[in-house]
Amino acid sequence: MARAVLGRLLVHDTPRGRVSGLIVEAEAYRGSRDPASHAFRGPTPRNAAMFGPPGHAYVYFTYGMHHCLNLVTEPRGRASAVLVRALEPVDGIRLMRRRRGVREEAWLARGPGNVARCLGLTRVHDGLDLTRGPLWLSDQPARREGRRIVRSGRIGIRLARERPWRCFLVGHPCVSGPKLARPGAGGSRGRAAARVRG
DNA sequence: GTATCGATTAGC
DNA sequence: CTAATCGATACA
């Protein structure tokens with residue numbers, strides 16, 4: 001599913017307008033057999049949506065300040081989800097800029113915390129049915145602009161990081177990751193290269 | 001009850 | 001590299 005959602009349009013319609021973007025990076029998290037998954041130790045109030053029906057959202061709050069969006073992918077009772085790590089902004093770019101305080105389009109929805117911020121998502125949206133809106137995935141065919149899909153280890157976790165369940169569109173400017181130098185973020189070249197190698 | 005850490009980010 | 005900042009988790 002992490003591969004399958006790449007190039008698909010993710011939309012959030014609200015009174016403030018429509019914001020949307022093409023998914024360009026996603027990570028799979030599996031339940032009971034994935035130590036990195038929030039569902040590894042069984043159901044809790046926080047991860048309940050992961051155990052719910054597929055096609056719903058799992059939105060969690062972390063580091064005391066960020067929200068992250070997952071798409072639940074397996075039948076009720078079997079926890080599994082895909083973390084949306086980056087979008088190519090399509091609709092509502094003005095609103096995204098306002099929410100992020102950033103001008104550059106490629107930075108708006110790079111990283112899972114920024115994806116949720118751009119889309120205006122919080123725990124309120126946890127459990128929403130993605131087939132009914134206002135948060136939904138477009139039926140339009142994937143727009144991958146001819147880019148190849150590759151996999152890598154997952155980012156930002158301690159356990160089971162080697163599992164190749166991060167998928168992204170090669171070379172897409174909106175993809176996150178340690179190999180990308182952010183303008184103004186000096187001196188991370190050597191360390192970043194080492195991390196990519198590992 | 002307290003201590004620690006996190007599917008992150010921005011800034012130095 | 002670290003601060004920010006708070007809910008979840010582990011453990012006494």
Side-chain angles (χ1 to χ4, degrees), chain A residues 1-3 5-6 10 21 23-52 56-74 79-87 89 96-127 151-168 174-196 198:
Chain A
M1 282 306 296
R3 282 193 300 274
V5 298
L6 293 182
L10 180 64
I23 300 175
V24 298
E25 180 187 359
E27 266 174 9
Y29 285 86
R30 310 185 72 180
S32 53
R33 281 203 275 280
D34 181 359
S37 171
H38 290 170
F40 184 58
R41 291 164 203 284
T44 67
R46 174 171 78 149
N47 66 22
M50 271 185 95
F51 289 86
H56 286 235
Y58 165 46
V59 182
Y60 67 88
F61 180 62
T62 191
Y63 289 98
M65 59 188 85
H66 301 296
H67 293 272
C68 297
L69 168 69
N70 293 254
L71 316 174
V72 176
T73 56
E74 288 195 48
S80 194
V82 166
L83 173 70
V84 180
R85 286 198 60 93
L87 303 178
M96 291 187 189
R97 285 206 176 101
R98 215 157 41 234
R99 284 171 169 162
R100 291 270 292 112
V102 161
R103 288 195 60 78
E104 176 53 53
E105 224 169 285
W107 303 347
L108 286 175
R110 177 186 292 177
N114 292 332
V115 167
R117 190 136 192 98
C118 275
L119 294 176
L121 300 175
T122 68
R123 284 283 289 173
V124 168
H125 304 93
D126 183 49
R151 303 154 62 132
S152 79
R154 294 175 294 182
I155 293 179
I157 58 173
R158 197 169 48 87
L159 295 80
R161 67 171 57 163
E162 72 289 351
R163 300 189 191 188
W165 295 344
R166 169 177 176 244
C167 304
F168 58 98
C174 298
V175 169
S176 75
K179 68 177 183 295
L180 292 168
R182 267 175 303 142
S188 60
R189 201 160 223 263
R191 208 167 52 78
R195 226 194 292 177
V196 166

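A note on names: the letters A, B, ... follow the listed sequences, proteins ahead of strands, and every chain is numbered from 1. As the structure is a computational prediction, the values presented were derived from the model and not from experiment.
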Inset, instruction - Report yes if at least one side-chain N or O of A:R85 is closer than 4.0 Å to OP1 or OP2 of B:dT8; otherwise report no. - result: yes
Inset, instruction - Would you classify A:G64 as touching base, sugar-phosphate or nothing, given that sugar-phosphate means primed atoms plus P, OP1 and OP2, and contacts are heavy atoms under 4.0 Å? - result: base
Legend entry - Paired and unpaired positions of DNA chain C as dot-bracket, Watson-Crick or G-U wobble under 3.5 Å, | denoting a partner strand: ||||.||||||.
Legend entry - Residue pair A:S37 / A:R30, side-chain donor-acceptor N/O under 3.5 Å: no
Legend entry - A:Y63, nearest nucleotide to its side chain (from C:dA8, B:dG6, C:dG7): B:dG6
Could you list all N or O pairs between the protein and nucleotides 10-12 of chain C that sit under 3.5 Å apart?
residue : atom : partner : partner atom : Å
C:dA10  : OP1  : A:R41   : NE           : 3.1
C:dA10  : OP1  : A:R41   : NH1          : 3.2

Legend entry - 5' priority, DNA chain B, between A:V102 and A:Y60 [closest heavy atom]: A:Y60
Inset, instruction - Identify, residue by residue, the members of residues 28-38 of chain A with a heavy atom below 4.0 Å from DNA chain B, and return them in order of residue number, or none. - result: A:Y29, A:A36, A:S37, A:H38
Inset, instruction - Consider the side chain of A:F61, meaning its heavy atoms from C-beta on, and name the nucleotide among C:dA4, C:dC6, B:dA7 that approaches it most closely. - result: C:dC6
Inset, instruction - Starting at atom CZ of A:R154, determine the distance to atom P of B:dT8, rounded to an integer number of angstrom. - result: 11 Å
Legend entry - B:dA7 OP1/OP2 closer than 4.0 Å to side-chain N/O of A:R161: no
Legend entry - Given C:dT9, C:dG7, C:dA4, the nucleotide with the shortest approach to the side chain of A:T44: C:dT9
Legend entry - Short side-chain N/O contact from A:N114 to OP1 or OP2 of B:dA10, under 4.0 Å: yes
